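Here is the structure we will look at.
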Amino acid sequence: MASAAPTKLYADDVSLVVVLIDTNPFFWTTSEKNSSSLSFADFISHVLPFLNAIMLLNQLNQVVLIATGVNSCEYIYDSSLPHQQSADGKMPAFYSEILTKLEQFVSKDQRLAKNDSSLTMSSLLSGSLSLALCYIQKIFRAGPLHPQPRILCLQGSPDGPEQYVGIMNAIFSAQRSMIPIDSCVLGTQNSAFLQQASHITGGIYQKPAYPDGLFQYLSAVFATDLQSRSFLRLPKPPGVDFRASCFCHKKTIDMGYICSVCLSIFCKHHKKCSTCGSNFNQSQQDASSTLDHKRKTPEA
Amino acid sequence: MPQVKIIAKNFMDMVAALPAMKLDKLYDNAFICEAVLRSLPPLAKKYVMQMLYIDVSVTAKSLEEQVLPDGFSKHKVAIDRLLQLRIFVQSIDRKRETSYKLNPKFQDNLQKYLVYGGSLPREPMPTNITVRLPSPEELEAYAVDQWENFLLQLVTSAQGEKQMGFSSHLLKNFQRGLMSSRENESPKMSEHGFQFLLMDTNAQLWYIIREYISSAQDRGLDPTDLISFLLELSFHVMGEAYNMNSLTEVQTSAVKDLADLGLVKLQQGRKESWFIPTKLATNLSVSLSDTSARKQGFVVIETNFRMYAYSSSKLHCEILRLFARVEYQLPNLIVGAITKESLYNAFENGITGEQIISFLQLNAHPRVAEKIPSVPENVTDQIRLWETDRNRVEMIPSHFYDDFPSKDVFEAACDYAREIGGFLWEDSNKMRLIVRGEAHQDMRDFLRRQK
Amino acid sequence: MAVVNMRAKYKVNTKTPGVPGVLKMTDEKFTFNPNDPRTSAKLDVGFRSIKGHKFSKEGSKLALLNLTLEEGGYIFEFDNFSDRNTCRDFVAKVLGKLQTVSSGKEDAKVVSEKPVPLFDEQLSTAEMERRMKLLQEDSELQKLHKQFVMSGVLTEAEFWATRKKLLNSEASRSSKQRVGFKSTMLADVRPLTDGRTNKVTFSLTPEIIHQIFAEKPAVHQAFLKFVPNKMTEKNFWTKYCRAEYLHRTKNSLAAAAEAAEDEELAVFLKHDDILASEARRKIRRVDPTLDMAADVGDDYLHLPDHGILRDGIKESNDAEHEHYKRTLSQDLNRHAAVVLEGRTLDVELGDTRTVAEALARSKQGELSAEASDDNASWRQSERVSRMTEIEDLQGPRGLPIASLCIKDPRDYFDSQQANALRALGDAGGGPKAANCDLSPEKAFESLSQQILKLKAVGLDDPIVKPEVSLKVMNTLAQPSGDKFFLGKDSQDEVLDRLPHGTREELLHHWKSIEELLRHFWSSYPITTAYLYAKVDRLKDALSKTYPKLEALRDSMQSDYRNQVGLLVRPMLQAVDAALAHAESEKRSTKTGARPNGLS
């Protein structure tokens with residue numbers, strides 16, 4: 001038939017990619033000294049063309065860049081906002097715009113660090129994940145026609161255990177809204193948080209073996225739109241560590257004690273729950289004495 | 001049932017049909033690479049991205065290995081497309097293993113694009129030279145106006161009215177497919193023409209552009225130039241003014257034709273002249289993929305078959321007249337009714353019921369478009385019923401076979417007929433079989449072999 | 001230790017009257033002491049010599065129990081069946097136990113040396129049957145039962161103690177359903193006419209009489225009053241049938257006339273006063289919050305030409321003799337009410353008199369129960385007040401909730417962070433060391449410089465070297481390494497890949513270890529000697545699992561051995577943990593004070 005059914009304004013492969021980049025200065029300076037890993041400049045020069053590539057693939061594709069700092073997070077770039085089109089020949093206009101914004105962000109992050117003297121190794125991943133989810137929610141609520149959103153975490157610094165609750169909450173809300181979280185870990189260790197995030201939300205987890213080929217990972221794996229993913233055999237993580245960590249020593253444990261009131265996990269028996277203050281000892285004695293009553297004792 | 005002949009073919013099909021030399025030449029232009037990449041199916045885009053920085057051939061097997069079983073058909077489509085468009089260059093080595101490599105020009109252009117960004121095809125003119133540029137609304141109104149004017153001309157000239165100021169060679173080209181002009185008769189709209197009118201704007205635009213390009217050869221032009229210019233045009237910023245001096249001779253004449261269609265607006269300054277691309281032009285690359293900007297609808301159909309069209313456009317009136325009885329016209333309203341007679345008239349002209357229904361649905365007034373269904377069900381059903389009324393008896397030229405020597409031969413013949421798709425009817429008791437006429441030769445050969 | 005004492009008569013055979021006395025049964029033996037010490041019927045027999053037991057059917061003439069020997073046996077007659085059943089169940093249990101022990105061959109010796117104290121709970125046959133049924137239905141359970149209970153690792157009671165839920169659900173399923181009234185109406189009591197004479201025959205069965213009593217309290221009342229003082233039962237029913245006949249023929253005039261003559265007959269013809277009062281009582285108990293307006297429209301009877309056909313004749317409204325008429329709807333409602341109430345009598349149907357009396361008793365009971373149910377009226381009034389409450393005048397109706405006390409979460413998170421940092425330091429000196437000599441200022445500075453540099457120089461072209469790209473693409477194309485199988489999915493896959501037999505065996509091992517561990521851990525803390533013995537038993541059984549698991553692993557082909565090893569490891573670890581716990585516990589009890597309850 002010549003006249004087609006009403007054409008969809010958004011094809012299935014139109015995507016909104018929210019990219020979270022780690023701007024943890026401690027990670028990047030240590031990483032720089034390591035010959036096998038990337039410097040921040042290298043990292044950015046892999047990421048920017050990736051953003052450009054996403055937008056090249058479909059003119060309706062949308063890209064949002066969020067910086068994950070040590071003390072703050074911020075939107076760096078949103079392709080849906082009007083931008084200057086001109087290029088200076090060296091690089092596209094939006095590259096330099098992003099770089100300028102990034103520099104401003106880093107100095108702001110530094111200023112905030114001075115106020116708070118505590119030294120943290122990890123970046124505020126929970127914060128930037130929340131920002132990303134908020135942005136996507138805004139898109140969802142704007143109307144029924146929207147691109148397929150996904151989140152890509154480019155993380156270098158190690159997990160911040162203090163953010164455990166925040167990150168898990170973000171993961172679960174992403175799962176509820178069916179937003180996959182892809183993760184690409186550039187640090188030396190696997191990130192348990194991101195492993196779980198990608199596993200739960202159905203995203204892809206990668207820890208590049210060759211950091212200098214980052215762009216190839218990004219373009220070959222992470223640039224794939226959600227629809228095409230259902231047809232492809234994409235790299236699967238070897239395994240996800242689901243074991244829980246105890247609340248007292250942060251040890252990963254197979255078997256442990258669980259507070260019956262607040263579900264805190266401990267590796268050893270405690271008299272009192274350190275989280276909610278429930279008294280275990282009392283109840284245990286009670287239990288054993290009632291057990292005495294219940295168990296029929298043989299006549300001696 | 002008349003088969004629909006006009007298919008709003010993808011623009012890229014035309015590009016893909018170009019000879020290899022010309023295609024390679026097209027890829028010199030970075031915009032073409034960009035536009036072509038965007039037109040690809042998602043999986044093909046993924047393969048291009050994956051191969052972007054690979055400078056050696058990659059075996060077809062290694063690509064196939066990535067595909068899950070249910071995605072295999074999509075994979076085939078993607079690879080075929082990439083080969084057609086010569087984005088993948090195929091090579092077969094001694095071990096008869098197929099491997100692909102990205103077209104070097106294409107690859108180079110995309111790599112450059114990623115690092116240095118896309119530049120604009122040409123700089124817009126500074127605002128101090130260009131005066132009284134139209135606002136986006138004005139521009140849009142202009143584009144719609146021009147386009148409708150053009151369509152109206154197609155319709156009215158069919159009714160023998162005097163032509164307006166269109167370049168006649170252009171019009172003639174378009175009319176070639178849509179009008180049937182017999183000798184000693186004023187040209188009459190063919191069934192293709194009627195179908196064309198009911199298509200949505202994007203499909204119409206494609207059709208016209210396609211005709212335009214294919215007619216370019218007759219005028220002694222290289223279609224490659226036109227294609228690349230049209231694609232280039234779609235990367236211009238809508239509403240900005242561009243200097244005519246920056247165009248080649250071919251392009252200048254093309255721009256003038258395109259202005260007639262409403263793709264660009266021409267303006268004349270004191271010294272210079274410039275052209276302003278309209279939405280129709282910038283959508284050209286959008287329409288390469290399957291998206292289209294929706295126009296606001298205007299038709300309300302009631303369950304009593306009355307039709308109210310809120311439009312002052314003469315074209316709309318003409319289109320509605322194709323299948324409805326227009327009763328009266330107010331300044332902004334056309335009132336009519338869908339009757340059996342008016343529909344029969346449309347069916348005579350080769351318009352199908354489905355086309356009418358989808359036209360009504362596509363152009364439903366916003367107030368009724370929210371409702372489901374936007375066109376009352378009794379009306380759509382009645383249109384279909386009236387249409388099938390005309391098709392109660394279907395004639396198929398066929399051949400009748402009987403006197404089969406044995407049941408086995410009869411059954412083998414039935415199976416064979418099914419196999420070649422010519423089977424129509426059988427009576428296994430009396431061993432009689434009816435097969436489509438075109439399959440007769442095959443059947444005869446087959447039966448002879450049976451003996 | 002369980003002992004059953006029961007009065008019984010000892011009989012040599014069923015014909016003799018028997019010697020009255022007391023039967024005493026223990027786990028080991030049973031003794032019979034005759035009331036008359038002079039008789040020689042004294043018995044003292046160990047259960048070991050008993051081969052089986054028989055008993056008379058419930059409801060038969062005598063409540064008998066026969067404990068059979070190889071030849072002959074001991075027959076006891078009990079006063080009633082419930083006494084007999086207690087003894088029968090006990091015997092069944094003891095015999096069952098003895099049989100399992102003897103079938104356990106070598107284990108039997110162990111068990112008999114230190115007889116495990118069991119059967120402190122009385123098992124009814126129903127309970128036994130339930131267990132048997134469960135075992136039959138669930139082969140997995142049967143396997144475990146055979147493995148542990150039969151071999152004496154666990155006692156029957158211990159085994160089932162952890163499966164109370166199963167038993168309960170089984171029990172609730174098998175609860176007996178009582179037979180109610182038929183839902184057909186009494187219209188079945190049709191008069192039979194032979195056509196030649198004017199004689200009309202009604203046939204009444206005890207079943208029907210019971211139903212009549214239940215549905216027509218007036219008849220019931222009259223029966224109690226008149227029979228047998230004033231008239232015979234036969235007379236009574238004749239009168240009743242006559243009244244029924246009058247109703248049926250719709251001869252309300254005749255009915256009125258006859259009622260005037262015969263006051264007994266009138267009882268049957270008039271409206272049932274008891275019913276009426278009962279109805280009134282019910283109406284009073286109707287939930288006042290019920291929305292009666294909802295059914296108002298359902299009544300079509302007042303419309304002309306509407307009505308219900310009964311026996312082919314339409315009931316017309318005949319106001320005059322209203323008193324002597326019953327409408328079909330009344331009958332229907334009454335019948336429905338009785339059917340829904342159900343049969344509350346447990347008396348054998350047969351004797352009309354006893355049925356009538358029993359019915360009267362149960363009615364009485366109902367009434368008194370109703371009267372004493374103050375709670376109901378209180379609940380009702382509360383309901384009314386709730387339904388008619390005026391919302392803005394009500395106080396907040398929140399339940400008293402103890403709020404959850406969460407201590408300052410920072411306590412937890414701060415310690416977490418410190419731990420994490422420590423862990424990081426342990427992981428490898430690299431990042432930590434580099435970190436120490438780096439001040440935050442310097443770090444931020446270098447980051448900014450990198451950005452500036454990039455801005456000034458621009459991006460590399462090409463972004464990635466083709467050879468690196470190719471390398472990456474090849475690694476991505478490879479199926480990801482199967483070094484780890486930590487994920488849940490991957491473990492399932494491993495299990496699926498194993499040969500079927502191995503898989504079953506593995507699962508069974510896991511199940512049995514689970515069972516043992518469940519009992520093991522639930523015995524802690526050890527407070528009694530009994531538990532002490534139990535833990536000992538379980539420990540032995542657990543330590544026996546080692547060679548079994550190892551044998552299983554070693555029997556595998558090399559390609560599976562590794563995977564089976566992975567699956568077996570957590571089992572071994574769990575067993576290790578249990579045994580280690582038992583060891584440490586033993587040591588602590590040796591040095592420290594003995595747990596209470598043990599001396």
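We name chains A, B, ... by the order of the sequence lines, and we start the count at 1 in each one. What you are looking at is a predicted structure, and each value in this text was computed from that prediction instead of being measured. These values consider heavy atoms only, across backbone and side chains, with no hydrogens, waters or symmetry-generated copies.
- Within residues 209-219 of chain A, the residues having any heavy atom less than 4.5 Å from a heavy atom of chain B are, in residue-number order, A:Phe215, A:Gln216, A:Ser219.
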Q: Give the C-alpha distance, both sets of side-chain angles, the deciding distance and a yes or no for side-chain contact (heavy atoms from CB on, under 4.5 Å) between B:Val67 and A:Arg233.
A: CA-CA 6 Å; B:Val67 184; A:Arg233 224 184 282 278; over 6 Å; no
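- When all heavy atoms are compared, the tightest approach of B:Arg38 to A:Leu56 is NE-O, 2.9 Å.
- Neither the backbone nor the side chain of B:Leu40 comes within contact range of chain A, judged by heavy atoms closer than 4.5 Å.
- A:Pro49 and B:Leu114 get closest at one heavy-atom pair: O-CD2, 3.5 Å.
- For residues 68-77 of chain B, a heavy-atom distance under 4.5 Å to chain A picks out B:Leu68, B:Pro69, B:Asp70, B:Gly71, B:Lys74, given by residue number.
- The contact between A:Ser230 and chain B is made entirely by backbone atoms, counting heavy-atom distances below 4.5 Å.
- Not counting sequence neighbours, the partners of A:Gln175 by the side chain to side chain contact (heavy atoms under 4.5 Å, CB included) test are A:Phe172, A:Ile200, A:Thr201.
- In this structure, the side chain of B:Lys46 does not engage the main chain of A:Ser228 through any donor-acceptor pair within 3.5 Å.
- Looking at B:Lys45 and A:Asn58, their side chains come closer than 4.5 Å, going by heavy atoms from C-beta outward.
- To the nearest 0.5 Å, atoms OH (B:Tyr47) and CG (A:Leu232) are separated by 5.5 Å.
- Every residue two or more places apart in sequence or in another chain that forms a side chain to side chain contact (heavy atoms under 4.5 Å, CB included) with B:Asn109 is listed here: B:Ala30, B:Cys33.
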